[in-house]
Amino acid sequence: MKHVEKLPGFLQMILNISLFLVGLILSFLLLKETWSIFSYVFLSAESDKNYYEFTEELLVFFLYFEFIALIVKYFKTNFHFPLRYFIYIGITAVIRLIIVDHDDAKNTFWWSIAILVMVGSLLIANSKLLKRES
């Protein structure tokens, strides 16, 4: 029975180490994406520029940034993931999807409805009834 009492602490330690490693990997990828954006803006020739690819890279940058912010918030709030951060990530991901794949108007409409639902969820999550952190 004594080992069973230590199991949650051990699993929490494994989770924390794993999230720390994921944070390091995402930080490296964020720096790589930052360099890619920098080189696209300042080092590439005007004829090589594709603005859809640039916008896609910029939104991927924000996704990395939001995931890193989520991991930082997890450690700052005593091992708790705030729901609204997941909603922010979802909204950014769907916006990226609309920008990258906007050929079908029906799909774009439904993805836009999904964003509207997530914004509504964000309003509910930010209400005083569900706010957990100060």
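Start at 1 with the first residue, then count along the sequence. For the numbers below, each heavy atom of this structure counts, side chains included, while hydrogens, waters and symmetry mates do not.
- Atom OG1 of T55 sits about 12.0 Å away from atom CD1 of I95, to the nearest 0.5 Å.
- K73 has its side chain out of reach of F81: every pair of non-hydrogen atoms, C-beta onward, lies at least 4.5 Å apart.
- The CG atom of L97 sits 8.5 Å away from the OG1 atom of T108 when rounded to the nearest 0.5 Å.
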Name the atoms and distances for all side-chain donor-acceptor pairs under 3.5 Å in residues 7-18, with sequence neighbours left out.
residue	atom	partner	partner atom	Å
Q12	NE2	N16	OD1	3.1
Q12	NE2	Y74	OH	2.8
N16	OD1	Y74	OH	3.2
N16	ND2	Q12	O	3.4
S18	OG	I14	O	2.8

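- Considering CG of L58 and CD of E33, their distance stands at 9.0 Å, rounded to 0.5 Å.
- Atom CZ of F75 sits in a crowded spot, with more than 12 heavy atoms from other residues, nucleotides or ligands closer than 6.0 Å.
- Among all heavy-atom pairs drawn from R96 and V60, the shortest one is NE-CG2, 3.3 Å.
- Remark: S27 engages no residue in a side chain to side chain donor-acceptor pair (under 3.5 Å) (not counting sequence neighbours).
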_Intermediate values then yes/no, side chain to side chain contact (heavy atoms under 4.5 Å, CB included), E56 and I99_ = CA-CA 7 Å; E56 183 179 353; I99 290 173; 5.8 Å; no

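- In the hydrophobic clustering of this structure, L19 does not group with L21; members are Ile, Leu, Val, Met, Phe, Trp, Tyr whose side-chain heavy atoms approach within less than 4.5 Å, directly or through other members.
- A distance of 9.0 Å separates CG of L83 from CG of N126, quoted to the nearest 0.5 Å.
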*Intermediate values then yes/no, side chain to side chain contact (heavy atoms under 4.5 Å, CB included), I113 and F109*: CA-CA 6 Å; I113 295 297; F109 172 75; 3.8 Å; yes

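- With rounding to the nearest 0.5 Å, the separation of CE in M118 from CD1 in I87 is 8.5 Å.
- Taken to the nearest 0.5 Å, the OG atom of S121 stands 12.5 Å off from the CD1 atom of I115.
- F20 and V72 end up in different hydrophobic clusters when Ile, Leu, Val, Met, Phe, Trp and Tyr side chains are linked at under 4.5 Å.
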Enumerate donor-acceptor pairs with a distance under 3.5 Å from any side-chain N or O in residues 61-71 to protein atoms, sequence neighbours excluded.
residue	atom	partner	partner atom	Å
E66	OE1	T92	OG1	3.1
E66	OE2	T92	OG1	2.9

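- With hydrogens and angles ignored, the 3.5 Å screen pairs no side-chain donor or acceptor of S36 with any backbone N or O of K32.
- Within a 6.0 Å radius of CZ in F28, no more than 12 heavy atoms belonging to other residues, nucleotides or ligands are found.
- Note on V119: it clusters hydrophobically with L59, by side-chain heavy-atom contacts below 4.5 Å among ILVMFWY residues.
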_With side chain to side chain contact (heavy atoms under 4.5 Å, CB included) as the criterion, how do W111 and L116 come out once you've worked through the C-alpha distance, each side chain's angles and the decisive distance to 0.1 Å?_
CA-CA 9 Å; W111 288 121; L116 184 63; over 6 Å; no

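- Residues Y85 and V22 share a hydrophobic cluster, clusters being chains of Ile/Leu/Val/Met/Phe/Trp/Tyr side chains in contact below 4.5 Å.
- Linking Ile, Leu, Val, Met, Phe, Trp and Tyr residues whenever their side-chain heavy atoms come within less than 4.5 Å places F42 and W35 in a single cluster.
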